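First the structure, in the form of structure tokens, and then the observations on it.
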2 protein chains.
Amino acid sequence: MASASDGPRAAGAGRPSTVGRPRDTGRDRAILRATLALLTETGYEQLSMEAVASRSGVAKTTIYRRYPDKAALVAAAAEYRSAGTPPEPAAAGLRENLLALVGWLAHQIAEQEVGLLGALFAGMRSDPRLAEEMRRILRRDEVAMTEHPFGEAVGRGEQVAPHAAELFAELAPAVIVHRVVVAGGRCDERFVEHLVDDILLPLLRG
Amino acid sequence: MASASDGPRAAGAGRPSTVGRPRDTGRDRAILRATLALLTETGYEQLSMEAVASRSGVAKTTIYRRYPDKAALVAAAAEYRSAGTPPEPAAAGLRENLLALVGWLAHQIAEQEVGLLGALFAGMRSDPRLAEEMRRILRRDEVAMTEHPFGEAVGRGEQVAPHAAELFAELAPAVIVHRVVVAGGRCDERFVEHLVDDILLPLLRG
DNA sequence: TCGATACGAAACGGTAGCGTATCGAAAGGG
DNA sequence: CCCTTTCGATACGCTACCGTTTCGTATCGA
């Protein structure tokens, strides 16, 4: 199956084609945007390919030419939505870098519609294919996010716990998501500082 | 819809009946238990009335005689759900109590609450009251859980961080849910120990 | 121009599950 | 004993929608 990290499924039988009529990238965007909108409005299970086709003004064939099934489409849409790169670590210390990173992460998560998070959440429970796709994306982002700040901190001679990166990846998204989804709270500056100063830093410094 | 606080729908056209064959309360329980089991196994959308009937050994008619639709059934099941009581703190130290508490919490979340969360997100669009009900139920346990162990630890003279209870309530459910849903991992003994020793204890002891 | 591919429109088979209806039998109360 | 209601079994109509297929048309690269 075409994973989300591959982007839209390659033309033809799997490999990109140079001949023939090229794909319309405008339709790519229309499909993903319609998917996100409907996902937020109605949830994963209620999301129908026909509705996506109708909303995006595209024939169903055009969708199935790109994505093998609903799970792949939704995963691609989620990835399309959160296509941001974490901030580069500045020159400052670990705390400043963590503040920036957590702030960015909180913004990424909180900015999503709560309905979208819930839809993905519920969809992962009901559709193993979607769960697999989503976890692939999450793992990739996780790695990309935690590569820099801790390595740099070590390079500066700061004291960092041995498994700081793993611990960060395990804690930060969990606490943020839990706050947004379950508790229904906001992710303001105070919360970011609380998360960094009261939870992350004490643990990551050992 | 019949809200969960109304309990099973009254007999006949809405008012309780004294004449005729009485309802079988054993079937009431069987229905709700089957609903809860299927809810945690497959999620809200996958939950079919036919599956509930089959699992509970009851005819579909018997379900629809009690609940007008799926949302009402799920709400009633969530309300019925045994609000499991956390384990009493033993005589041992804080670590042992935390291990027991986190183990119980992990089991509780993995076996029950994830399904309820899925139902929450699936149902909140079609029925806001159901969503509110779910949030209330989910919070109920998290609060009731953090009362005992830290107070006792302080009583024994153990060193405990000032806001240990709040920190615990913020961290433990978040990390567990994140592991179950996002990472897709199991909550075995190793994970419980990791959560207690590597995350909770260092923070809660200050 | 030609070949290959993308696109839209529409129809199709198949699956699934909801909620209803019907029927006979069982089980309680007055 | 009779009336009322519950319960099981089953069939049913209905809706939804997935994923596929077909065919005619549009649009690109070579």
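Here the structure is a predicted model, which is why all the values come from computation and not from measurement. A, B, ... follow the sequence lines: proteins, then strands. Residue 1 opens every chain.
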**Study point:** Selected nucleotide, minimal atom distance to B/V19 side chain, candidates D/dT4, D/dG8, D/dC28
**Key:** D/dT4

Review point. Just to confirm, is there a sub-4.0 Å distance from OP1 or OP2 of D/dC7 to any side-chain nitrogen or oxygen of B/R66?
Key: yes

**Study point:** Length of the line joining B/R27:CZ and C/dA26:P, which is rounded to integer Å
**Key:** 13 Å

Practice item. Using the salt bridge (Lys or Arg N to Asp or Glu O under 4.0 Å) rule, collect all pairs that involve residues 94-108 of chain B, keeping only residues at least two apart or in two chains. Key: B/R95-B/D197

Point to revise | For DNA chain D, the dot-bracket pattern of Watson-Crick and G-U pairs whose distances stay under 3.5 Å, | for other-strand partners | key: ||||||||||||||||||||||||||||||

Point to revise | Set of side chain to side chain donor-acceptor pair (under 3.5 Å) partners for B/D188, sequence neighbours left out | key: none

Exercise for review: Quick one: list whatever passes side chain to side chain donor-acceptor pair (under 3.5 Å) with A/K70, sequence neighbours left out.
Suggested key: none

Mind listing the side-chain donor-acceptor pairs of residues 50-59 of chain A below 3.5 Å, one per line with the distance, residues two or more places apart or on another chain?
unit_1: A/E50; atom_1: OE2; unit_2: A/K60; atom_2: NZ; d: 3.0
unit_1: A/R55; atom_1: NH1; unit_2: A/E41; atom_2: OE2; d: 3.3
unit_1: A/R55; atom_1: NH2; unit_2: A/E41; atom_2: OE1; d: 2.9
unit_1: A/R55; atom_1: NH2; unit_2: A/E41; atom_2: OE2; d: 3.3
unit_1: A/S56; atom_1: OG; unit_2: A/V52; atom_2: O; d: 2.6
unit_1: A/S56; atom_1: OG; unit_2: A/A53; atom_2: O; d: 3.3

Review point. Roughly how many Å is it from CG in B/D24 to P in C/dG28, rounded to a whole number?
Key: 9 Å

Check your understanding: For B/G57 and A/P22, take the nucleotide of DNA chain D holding the closest heavy atom to each; which residue's nucleotide lies nearer the 5' end?
Key -> B/G57

Point to revise | N/O (side chain, A/R65) to phosphate O (OP1/OP2, C/dG8) under 4.0 Å | key: no

Review point. How does protein contact run along nucleotides 18-25 of chain D, one letter per nucleotide 5' to 3', with B for base contact, S for sugar-phosphate only, - for none, heavy atoms under 4.0 Å?
Key: BBB-----

Practice item. If a pair satisfies ring-ring contact (aromatic ring centres under 6.0 Å, His included) and one of its residues is in residues 162-187 of chain A, list it, with sequence neighbours excluded. Key: A/F150-A/F168

Exercise for review: Please check if any side-chain donor atom of A/Y80 sits under 3.5 Å from a side-chain acceptor atom of A/R29, or the reverse.
Suggested key: no

Point to revise | For B/E170, all residues meeting side chain to side chain donor-acceptor pair (under 3.5 Å), sequence neighbours excluded | key: A/H194

Review point. Rounded to the nearest Å, what distance is computed from the CZ atom of residue B/R23 to the C1' atom of nucleotide C/dG29?
Key: 16 Å

Review point. Pairs in or reaching into residues 98-110 of chain A: which pass salt bridge (Lys or Arg N to Asp or Glu O under 4.0 Å), with residues at least two apart or in two chains?
Key: none

